[in-house]
Amino acid sequence: MATDAALLIVDVQNDFCPGGALAVPEGDRVVPALNAYVARFQAAGLPIFASRDWHPPVTKHFKEHGGLWPPHCVQGTRGAEFHPDLRLPEGVIIITKGDAPDADAYSPFEGHTPDGRAFPDVIRERGVGHLYVGGLATDYCVRASVLDARKAGLRVTLLEDAARGVDVQPGDSERAVQEMVAAGAERARLDSAAIGPAPGRA
Ligand code: VGL
């Protein structure tokens with residue numbers, strides 16, 4: 001990985017995992033792969049961002065207030081916590097999004113750091129030129145992240161073994177991947193040469 005690479009983990013929260021309020025089928029399967037990516041980015045000294053949906057109890061994002069979705073990732077609830085097995089390292093930068101009652105905020109590019117700085121500004125300040133993206137869900141927030149990153153002029157790699165989709169309509173995730181590729185995103189898996197060796201191995 002190049003020195004301007006960074007990892008973006010999108011919304012790996014309890015509510016998007018099996019048993020959660022808006023579960024992605026096999027959503028929890030992304031966790032071991034993401035932990036492996038975290039280890040590699042950490043070993044390489046590269047920035048790691050983790051976004052979280054962080055909705056107020058009343059938001060136009062929820063069905064009962066005109067939106068599409070059942071309540072999920074409500075601020076301060078267990079459902080909004082990161083999956084307990086996700087090993088976020090010290091120094092991870094949490095990107096909060098959807099915390100305004102009028103925002104869907106599928107994309108972390110609409111999010112902010114704990115000290116209130118906009119994610120696109122932080123990316124620019126850190127000199128990130130290549131974003132590796134995994135998490136939940138392929139056909140919503142991962143898709144939005146990848147497309148916004150491309151619009152921001154970044155090189156983007158979708159981590160295929162670290163993303164899962166909702167598939168409200170069958171095929172949504174595959175169509176989202178095709179859309180990301182058409183927008184210039186690359187695809188990789190843990191064993192891809194582009195990802196580099198696992199830490200501790202040659
Ligand atoms: C998401 C649906 C609604 C996601 C968020 O994280 O992909 N999907 N809100």
Side-chain angles (χ1 to χ4, degrees), residues 7-31 33-34 37 48-86 88 92-112 119-120 131-151 156-180 183 185 187:
L7 177 64
L8 172 61
I9 299 171
V10 178
D11 299 6
V12 181
Q13 294 166 273
N14 289 321
D15 271 343
F16 294 127
C17 293
L22 189 50
V24 176
E26 301 187 343
D28 54 341
R29 296 270 197 98
V30 303
V31 172
L34 284 168
Y37 287 112
I48 298 171
F49 299 93
S51 71
R52 62 174 186 179
D53 242 3
W54 195 247
H55 297 302
V58 176
T59 162
K60 71 155 199 142
H61 188 60
F62 295 164
K63 215 177 275 174
E64 60 195 287
H65 306 291
L68 285 179
W69 308 102
H72 60 275
C73 300
V74 173
Q75 296 167 8
T77 63
R78 208 188 101 69
E81 289 171 16
F82 291 113
H83 189 286
D85 297 336
L86 183 66
L88 293 177
V92 65
I93 301 165
I94 306 293
I95 303 297
T96 294
K97 63 190 180 68
D99 50 340
D102 58 347
D104 287 310
Y106 292 106
S107 167
F109 281 77
E110 296 172 48
H112 57 84
F119 180 58
L131 206 53
Y132 290 76
V133 184
L136 305 171
T138 305
D139 37 357
Y140 290 93
C141 290
V142 170
R143 169 185 175 276
S145 306
V146 166
L147 296 180
D148 275 354
R150 288 295 301 145
K151 277 185 210 143
V156 184
T157 299
L158 171 67
L159 301 172
E160 290 190 288
D161 47 0
R164 290 288 188 287
V166 185
D167 288 322
V168 171
Q169 304 294 332
D172 279 354
S173 294
E174 188 46 40
R175 280 189 289 277
V177 171
Q178 292 312 323
E179 197 181 352
M180 293 184 246
R187 299 191 270 185

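Computed from a predicted structure; not experimentally measured. Numbering of ligands and ligand atoms starts at 1, following listing order.
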- Nearest to atom 8 (N) of ligand 1, what protein heavy atom do you find, and at what distance? Tyr140 CB, 3.6 Å
- What part of Leu136, side chain from CB on, backbone N/CA/C/O, both or neither, has a heavy atom under 4.0 Å from ligand 1? backbone
- Query: Heavy-atom contact under 4.0 Å between His61 and ligand 1?
  - Reply: yes
- Let me see the working for His112 and Asp99 under side-chain hydrogen bond (donor to acceptor under 3.5 Å, both in side chains), right down to the final yes or no. CA-CA 10 Å; His112 57 84; Asp99 50 340; 2.8 Å; yes
- Under 4.0 Å from a heavy atom of Asp53: give me the atoms of ligand 1 that qualify, with their elements. 5 (C), 9 (N)
- Query: Would His65 and Val58 count as a side chain to side chain contact (heavy atoms under 4.5 Å, CB included) if you check the C-alpha gap in whole Å, the side-chain angles of each, and the deciding distance to 0.1 Å?
  - Reply: CA-CA 7 Å; His65 306 291; Val58 176; 3.8 Å; yes
- Item | Between Tyr37 and Asp161: side-chain donor-acceptor atoms closer than 3.5 Å | yes
- Message: Using a plain distance cutoff, I'd like to know if Trp69 has any nitrogen or oxygen under 3.5 Å from a nitrogen or oxygen of ligand 1.
- Response: no
- Do Phe62 and His72 have their ring centres less than 6.0 Å from each other? yes
- Query: What do you reckon, is CZ of Arg29 surrounded by more than 12 foreign heavy atoms closer than 6.0 Å?
  - Reply: no
- Task: Look at the side chain of Asn14 and the backbone N and O of Arg78, then say whether any donor-acceptor pair between them is shorter than 3.5 Å.
- Result: yes
- Task: With heavy atoms under 4.0 Å as the rule, classify the contact between Leu22 and ligand 1 as side chain, backbone, both or neither.
- Result: side chain
- Item | N or O pair under 3.5 Å between Cys141 and ligand 1 | yes
